Amino acid sequence: MGAPSAAPLAGVTVVSIEQAVSAPMCTRTLADLGARVIKVEHPRGGDFARHYDDVVHGLAAHFVWANRGKESVTLDLKSADGIAILHRLLDEADVFVSNLAPGATAALGFGPDQMAARHPGVVVMEIDGYGAGGPLSHKRAYDLLIQAESGVCAVTGTPGAPAKPGPPIADVCSGLYAALAVLAMLVRERGADTPSAGSVSLFDTAAELMGYQLTYTRHTGVDQQPLGMSSPAVAPYGAYPTADGRTVVLGTTNDREWQRLARELIGRPDLADDPAYAGNADRVRRRADLDAALSQWCARHDLSEIQKRADAAGIGNSRYNTPSEVIDHPHLAARERWGSVDTPAGPVPSLLPPPIIAGYTPPMGAIPDLGEHTDAVLAEFGFADADIARFRESGAIGPTATRAHRRAAPAQTKGRST
């Protein structure tokens, strides 16, 4: 084997003013790809996701999940010194990411136009709730609010009992779209001196995720009803209890699969031959009949037998798992998908990032303590010890980090671009 590949984003420095999930997920993705991420936090409390709970040895699960591989620098951006320090960081940055309340970034002097004038060439990415130019642009936005506003909750759950999907999909997908846009702008910037600025809104992202449902309703005038663990687009397709008290998820996505399911899996050639179920649209209209047939058959067989027979017949299937079962999932274990990250409370397990790049090992950098890297970063960016002491006395930066067992910046943060 050859030497390991360099990090795809080696030499790229990202400065972020971020909270909660969307922007932290964007910058965590960039850090996983080798960028240096300097996370700017308020000296008193920092990212409010640090305080959602304390289940990870005193740390918050959301924060540990979304903030590996970053350096934490505390700045009071209501102070002149805090603003000046941020400008110094941005002088040598490649990317600036933020997800503050509407208008807050511009009010601080770091909006896209202001950045283009003061820091030309820095890629600017703003993540907000509703995007500019609309009647809701001024509103604060959280994942649940966006999922409700965009219709996601209306097609999740069951009729009369709408639900929010468990994962914060509007936040996470907005962060991933933002990271994708940043990468696109970085590629363009390498061949141009013009500044680049982009934005992603949670509402636009959630509306995009509703693409199938919105397209269907626009062309039919019908609001599709939520179907729990089924799909409005195909049938049969859903979750069915088994004889041993488990739940199997299986179904079909085309007519050939339907024929195999009916004949080879559940032994119902009468259904396979019945013209009433010949096409997918026919089966969708008679979903209840087919669900009843599959439910009766699955209730007579154990999960392992159903999955073995479904695999043999070429029918997609899976086991309904709880989070605790996924943690111990043999497929994750066999593929060594669990790694470890350091935290202020010691090492904790962490899933590796989904992209697998040949020759590149994700750095899995540490979770930063609040303000842990303030002094080191400020010194690196040219501030003297006397300056740092003055900033601390004035409150422009937070107190000296107290954690003893890890003071150095994460290894992947070396190689800051200049």
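One-based numbering along the sequence shown. Owing to the predicted nature of the structure, the values given are computational and were not obtained by experimental measurement.
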Q: Between Q147 and P165, is any pair of side-chain heavy atoms under 4.5 Å apart?
A: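 Result yes, sub-4.5 Å side-chain heavy-atom pair found.
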
Q: Between R36 and E92, is there a salt bridge with N-O shorter than 4.0 Å?
A: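 Salt bridge absent between E92 and R36.
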
Q: Measure up the H62 and W65 rings against each other and bin them: parallel (under 30°), tilted (30 to 60°), perpendicular (over 60°).
A: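 Rings of H62 and W65: perpendicular, as their planes differ by over 60°.
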
Q: Within the 4.5 Å heavy-atom criterion, are V12 and V95 side-chain neighbours or not?
A: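 When only atoms from C-beta onward are counted, V95 and V12 do touch, with a gap below 4.5 Å.
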
Q: Does any non-hydrogen side-chain atom of L136 lie less than 4.5 Å from one of E149?
A: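 Heavy-atom side-chain distance check passes, below 4.5 Å.
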
Q: Looking at the rings of H51 and F63, which for Trp means the six-membered one, are their centres under 6.0 Å apart?
A: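 Distance test on ring centres: not under 6.0 Å, no.
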
Q: With rounding to the nearest 0.5 angstrom, report the CG to CD distance, N317 to Q307.
A: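 Reported to 0.5 Å precision, the distance equals 4.5 Å.
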
Q: Take Q225 and V155 through the side-chain contact (heavy atoms from CB on, under 4.5 Å) test and state the conclusion after the steps.
A: CA-CA 6 Å; Q225 295 301 297; V155 298; over 6 Å; no

Q: Let me see the working for T74 and T374 under side chain to side chain donor-acceptor pair (under 3.5 Å), right down to the final yes or no.
A: CA-CA 6 Å; T74 53; T374 302; 3.3 Å; yes

Q: Is there side-chain contact between R140 and L145, with at least one heavy-atom pair below 4.5 Å?
A: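 Sidechains of L145 and R140: no contact.
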
Q: State whether a side-chain donor-acceptor pair under 3.5 Å links E41 with S72.
A: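 Distance-only check passes for E41 and S72.
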
Q: Quick one: does any side-chain atom of R287 pair with a main-chain N or O of S231 as donor and acceptor, under 3.5 Å?
A: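 Yes, because the side chain of R287 sits within donor-acceptor range (under 3.5 Å) of the backbone of S231.
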
Q: Between D171 and L202, is there a side-chain heavy-atom distance shorter than 4.5 Å?
A: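 Side-chain contact under 4.5 Å: yes.
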
Q: Under the 3.5 angstrom rule, does the side chain of Q259 hit a backbone N or O of R256 as a donor-acceptor pair?
A: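 Flag not set: sc Q259 to bb R256 has no pair under 3.5 Å.
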
Q: Does T220 use its side chain to pair, donor to acceptor, with the backbone of V222 at less than 3.5 Å?
A: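 Such a contact is found between T220 side chain and V222 backbone.
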
Q: Between D32 and R68, does any side-chain N to carboxylate O distance fall below 4.0 Å?
A: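 R68 and D32: salt-bridged.
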
Q: Are R246 and D302 ion-paired here, with the side-chain N under 4.0 Å from a carboxylate O?
A: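 Salt bridge absent between R246 and D302.
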
Q: Just checking, is any N or O donor in the side chain of Y320 or E325 under 3.5 Å from an acceptor N or O on the other one?
A: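 There is no such pair between these side chains.
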
Q: Could you give me the CA-CA distance, side-chain angles and deciding distance for L9 and L183, then say whether side-chain contact (heavy atoms from CB on, under 4.5 Å) is met?
A: CA-CA 9 Å; L9 294 183; L183 295 177; 3.8 Å; yes

Q: At what distance, to the nearest 0.5 angstrom, does CD1 of I85 lie from CZ of F391?
A: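 It is 4.0 Å, given to the nearest 0.5 Å.
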
Q: Atom NZ of residue position K164 - does it have more than 12 heavy atoms of other residues, nucleotides or ligands inside 6.0 Å?
A: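 Count over threshold, so yes.
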
Q: Just checking D244: does its CG atom have more than 12 heavy atoms from other residues, nucleotides or ligands closer to it than 6.0 angstrom?
A: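 Yes, the 6.0 Å shell around CG holds more than 12 heavy atoms from other groups.
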
Q: Taking all non-hydrogen atoms of both residues into account, name the closest pair between S201 and Y130 and its distance.
A: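 For S201 versus Y130, the nearest heavy atoms are CB-C, 3.6 Å.
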
Q: What are the two closest non-hydrogen atoms of Y360 and G34, and how far apart are they?
A: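 Shortest heavy-atom contact: OH-N, 3.4 Å.
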
Q: Roughly how far apart are I306 CD1 and Y240 OH, rounded to 0.5 Å?
A: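 These two atoms lie 11.0 Å from each other.
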
Q: Determine whether a donor-acceptor pair (N or O, by modelled atom type, separation under 3.5 Å) exists between the side chain of S98 and the backbone of L100.
A: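 No: the side chain of S98 does not pair with the backbone of L100.
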
Q: Look at the aromatic rings of F48 and Y52 and report parallel, tilted or perpendicular, splitting at 30° and 60°.
A: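 If you compare the ring of F48 with that of Y52, the planes turn out tilted.
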
Q: Before you tell me yes or no, could you show the steps for F96 and M115 under side-chain contact (heavy atoms from CB on, under 4.5 Å), namely the whole-Å CA-CA distance, both residues' side-chain angles and the distance that decides it to 0.1 Å?
A: CA-CA 9 Å; F96 176 53; M115 286 290 297; 4.0 Å; yes

Q: Compute whether any side-chain donor of one residue and acceptor of the other, for R319 and T247, lie under 3.5 angstrom apart.
A: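 No - no donor-acceptor pair under 3.5 Å links their side chains.
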
Q: Got a second to check how far T253's OG1 is from N280's CG, nearest 0.5 Å?
A: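 Between T253 OG1 and N280 CG, I get 8.5 Å after rounding to 0.5 Å.
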
Q: Which pair of non-hydrogen atoms, one from R28 and one from K70, has the smallest distance, and what is that distance?
A: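 Nearest heavy atoms, R28 then K70: N-CE, 3.6 Å.
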
Q: Verify the neighbour count for atom CG of N254: are there more than 12 heavy atoms of other residues, nucleotides or ligands below 6.0 Å?
A: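 Buried by this count: over 12 neighbours within 6.0 Å.
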
Q: Please determine if R309 and E264 form a salt bridge, counting it only when a charged side-chain N lies under 4.0 Å from a carboxylate O.
A: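 No.
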
Q: I'd like to know whether D282 forms a salt bridge (Lys or Arg N to Asp or Glu O under 4.0 Å) with R285, so could you lay out the CA-CA distance, the side-chain angles of the two residues, the decisive distance to 0.1 Å, and finally the verdict.
A: CA-CA 5 Å; D282 303 315; R285 284 191 293 269; 2.6 Å; yes

Q: Locate the shortest heavy-atom distance separating A178 from I127; write the atom from each residue and the value.
A: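 Scanning both residues completely, I find the closest heavy atoms to be CB-CD1, 3.6 Å.
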
Q: So that I can tick it off, tell me whether D91 and R88 are bridged by a salt bridge, with the cut-off set at under 4.0 angstrom between side-chain N and carboxylate O.
A: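 No.
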
Q: Do L176 and C26 have side chains that get closer than 4.5 Å, going by heavy atoms?
A: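 Result no, sub-4.5 Å side-chain heavy-atom pair not found.
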
Q: Using 0.5 Å steps for rounding, measure from the CG atom of L108 to the CD1 atom of I83.
A: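 That separation rounds to 5.0 Å.
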
Q: For L59 and D54, run side-chain contact (heavy atoms from CB on, under 4.5 Å): C-alpha distance rounded to whole Å, both residues' side-chain angles, the deciding distance at 0.1 Å, then the answer.
A: CA-CA 4 Å; L59 308 175; D54 59 0; over 6 Å; no

Q: Can a donor-acceptor pair be found, under 3.5 Å and without considering hydrogens, that links the side chain of Q114 to the backbone of F110?
A: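 Looks like yes, one N/O pair under 3.5 Å.
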
Q: Does K39 pair with E71 as a salt bridge, N-O distance under 4.0 Å?
A: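 Salt bridge between K39 and E71, a charged N being under 4.0 Å from a carboxylate O: no.
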
Q: For the backbone of A170 and the side chain of D143, can you confirm whether one donor and one acceptor N or O come within less than 3.5 Å of each other?
A: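 It does hold such a pair.
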
Q: Ignoring hydrogens and angles, state whether a donor on the side chain of E208 or T205 is under 3.5 Å from an acceptor on the partner side chain.
A: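 No donor-acceptor contact under 3.5 Å links the two side chains.
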
Q: Counting N and O atoms only, with roles assigned by atom type, does the side chain of T242 sit under 3.5 Å from a partner on the main chain of A299, one being a donor and the other an acceptor?
A: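 Absent.
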
Q: Does a side-chain heavy-atom distance below 4.5 Å link V124 with V97?
A: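 Not touching, per the 4.5 Å side-chain cut-off.
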
Q: Could you give the distance from CG (L250) to CG (L294), rounded to the nearest 0.5 Å?
A: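 The CG atom of L250 sits 6.0 Å away from the CG atom of L294.
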
Q: Hey, does the side chain of S137 reach the backbone of G134 with a donor-acceptor pair shorter than 3.5 angstrom?
A: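 Side chain of S137 to backbone of G134: a pair is present.
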
Q: Got a donor-acceptor contact below 3.5 angstrom from the D204 side chain to the G131 backbone?
A: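 No, because the side chain of D204 does not come within donor-acceptor range (under 3.5 Å) of the backbone of G131.
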
Q: Taking CD in E393 as the centre, count heavy atoms belonging to other residues, nucleotides or ligands within less than 6.0 Å. Is the count above 12?
A: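 It does not: E393 CD has 12 such atoms or fewer within range.
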
Q: Side chains of S174 and S22 only: does a donor on one sit below 3.5 Å from an acceptor on the other?
A: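 Distance-only check fails for S174 and S22.
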
Q: Quick one, L352 and M364 - any side-chain contact, counting heavy atoms below 4.5 Å?
A: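 In contact.
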
Q: What heavy-atom pair brings A31 and V37 nearest, and what distance separates the two atoms?
A: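 Taking every non-hydrogen atom into account, CB-CG2, 3.8 Å.
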
Q: Got a donor-acceptor contact below 3.5 angstrom from the Q19 side chain to the A49 backbone?
A: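 No: the side chain of Q19 does not pair with the backbone of A49.
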
Q: Please give me the minimum heavy-atom distance between P120 and A117, naming the atom from each residue.
A: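 Nearest pair, atom of P120 first, then A117: CD-O, 4.1 Å.
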
